[in-house]
Amino acid sequence: MRRDFVANVSHELKTPTGALSLLSEAVMDASDDQAVTRFAGRMQIEATRLTNLVQELIDLSRVQNDDPLEDSEPVSVDELVAEAIDRSRHTATTKQITMVSGGVADLRVWGSRGQLAAALGNLVENAVNYSPAHTRVGIAARKVAAPGGDLIEIAVTDQGIGIPDKDKERVFERFYRVDPPAPVPPAARAWASPS
């Protein structure tokens, strides 16, 4: 019932969010007032964010389908990695984070291209968002032998805050977020810094 609700609400939300985006664009084009143009531009940004959230809800309801591999095809891991890096390139550049890829080239995995791209894109985006400036995010793929046949493992590594042991069991809960670490008081920071 919850899955059907998410799917139905998501599809219903597509129409008003699309309309909001078009209306804000029309207001921006029709206005000579700088403030109105600025607010309409902000409305467009928020409408785009809302549209992306609705699409993620639709994708989530598809993942929970009885047969999540219904739309499966062979997918190039190199293309998935390149797309994930490209998606976070601007944020990484702003924070001066180096993104590197490696591992075994020319691997293919069986699955839904859109779902795989979203999953890897989210992992890389989180790695960049939660890493300090001037660090490095790496993405590497390899083939792993398993009893039922070879598996493809894609690892995303970063130098971020990590996940505390007490939260690791909850990492696959939908919408769960780890609390950010408490800020270090300035006196403690000064004492801890090397001289």
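Quantities reported herein were computed from a predicted structural model and do not represent experimental measurements.
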Compare every heavy atom of [Y] with every heavy atom of [X], then report the nearest pair and how far apart it is.
X: I85; Y: S101; value: CD1-CB, 3.9 Å
X: G160; Y: P132; value: CA-CD, 3.9 Å
X: A40; Y: S24; value: CB-O, 3.6 Å
X: V128; Y: I97; value: O-CD1, 3.6 Å
X: S131; Y: D158; value: OG-CB, 3.3 Å
X: L120; Y: I154; value: CD1-CG2, 3.8 Å

[X] [atom1] to [Y] [atom2] distance, which is reported to the nearest 0.5 Å:
X: L22; Y: Q44; atom1: CG; atom2: CD; answer: 9.0 Å
X: Q159; Y: H134; atom1: CD; atom2: NE2; answer: 12.5 Å
X: R142; Y: L151; atom1: CZ; atom2: CG; answer: 10.5 Å
X: I139; Y: L80; atom1: CD1; atom2: CG; answer: 11.5 Å

Quick one: do V104 and V156 end up in the same hydrophobic cluster if we chain Ile, Leu, Val, Met, Phe, Trp and Tyr together by side-chain heavy atoms under 4.5 Å apart?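 As far as the 4.5 Å side-chain criterion goes, V156 and V104 are connected within one cluster.
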Mind checking whether I152 and L123 sit in one hydrophobic cluster, side chains of I, L, V, M, F, W, Y counted as touching below 4.5 Å?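 I152 clusters together with L123.
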Would you please test L107 and D78 for side chain to side chain contact (heavy atoms under 4.5 Å, CB included) and show each step? CA-CA 7 Å; L107 295 174; D78 293 342; 5.9 Å; no
Decide, yes or no, whether a salt bridge links [X] with [Y] under the criterion of side-chain N to carboxylate O below 4.0 Å.
X: R170; Y: D167; answer: no
X: E46; Y: R42; answer: yes
X: E125; Y: R87; answer: yes

Keeping K95 on the side-chain end and T135 on the backbone end, is there a donor-acceptor pair under 3.5 Å?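 Answer holds: no.
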Side chain N122, main chain A118, donor-acceptor under 3.5 Å: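 Answer holds: yes.
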Might you work through the side chain to side chain contact (heavy atoms under 4.5 Å, CB included) test for L23 and V27, ending with a clear yes or no? CA-CA 6 Å; L23 288 169; V27 168; 5.5 Å; no
Return yes when atom CG of D29 has more than 12 non-hydrogen atoms of other residues, nucleotides or ligands closer than 6.0 Å, and no otherwise.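 Enclosed: over 12 neighbouring heavy atoms sit under 6.0 Å from CG of D29.
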